[in-house]
Amino acid sequence: MLTLVAEGHGNAVIAQALSCSEHTVKNVIYELMARLQVRNRAHAVARAVRAGLI
């Protein structure tokens, strides 16, 4: 999911690509941001790249 966020896709496109609901995407991204201790999607992507997650 972080890869799709890094590519600039919105929740609707991510949901379609992963065959899940937009609500699920929103919840997963929220959880990822909490675990990475970041406040926005861009910071989450930067932290994930630095950590070697994507």
Side-chain angles (χ1 to χ4, degrees):
M1 191 170 293
L2 277 171
T3 302
L4 294 170
V5 171
E7 292 173 357
H9 299 296
N11 289 354
V13 175
I14 294 170
Q16 186 176 10
L18 299 177
S19 300
C20 61
S21 72
E22 286 185 57
H23 185 71
T24 300
V25 171
K26 192 164 133 180
N27 285 339
V28 171
I29 290 174
Y30 178 81
E31 279 296 316
L32 287 169
M33 288 173 37
R35 288 177 188 216
L36 294 172
Q37 299 178 345
V38 296
R39 291 188 178 185
N40 60 52
R41 292 164 74 119
H43 194 189
V45 169
R47 175 89 38 105
V49 168
R50 275 188 253 126
L53 299 174
I54 54 174

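FYI, side chains are in, hydrogens and waters are out, and symmetry mates aren't considered; it's all heavy atoms of this structure.
- The nearest pair of heavy atoms linking Leu4 to Ala17 is CD1-CB, 4.2 Å.
- Note on Met1: it clusters hydrophobically with Ile54, by side-chain heavy-atom contacts below 4.5 Å among ILVMFWY residues.
- Results of the side chain to side chain contact (heavy atoms under 4.5 Å, CB included) test with Val45 over Val5, Thr3, Val38 single out Val5 as the only residue that passes.
- Rounded to the nearest 0.5 Å, atoms CG (Leu18) and NE2 (His9) are 10.0 Å apart.
- The distance from atom CD of Glu22 to atom CD1 of Ile14, rounded to the nearest 0.5 Å, is 9.5 Å.
- More than 12 heavy atoms of other residues, nucleotides or ligands lie within 6.0 Å of CD in Glu7, so this atom counts as buried by the packing criterion.
- Note that CG of Asn27 is 8.0 Å distant from OG of Ser21, once rounded to the nearest 0.5 Å.
- Exactly one residue among Leu2, Ile29, Leu32 makes a side chain to side chain contact (heavy atoms under 4.5 Å, CB included) with Arg41. That residue is Ile29.
- Scanning both residues, Arg47 and Gln37, for their nearest heavy atoms gives NH1-O, 3.8 Å.
- Nearest heavy-atom pair across Ala44 and Leu36 is O-CD1, 3.7 Å.
- At a threshold of 4.5 Å between side-chain heavy atoms, the hydrophobic network of Ile, Leu, Val, Met, Phe, Trp and Tyr places Val13 and Val28 in two separate groups.
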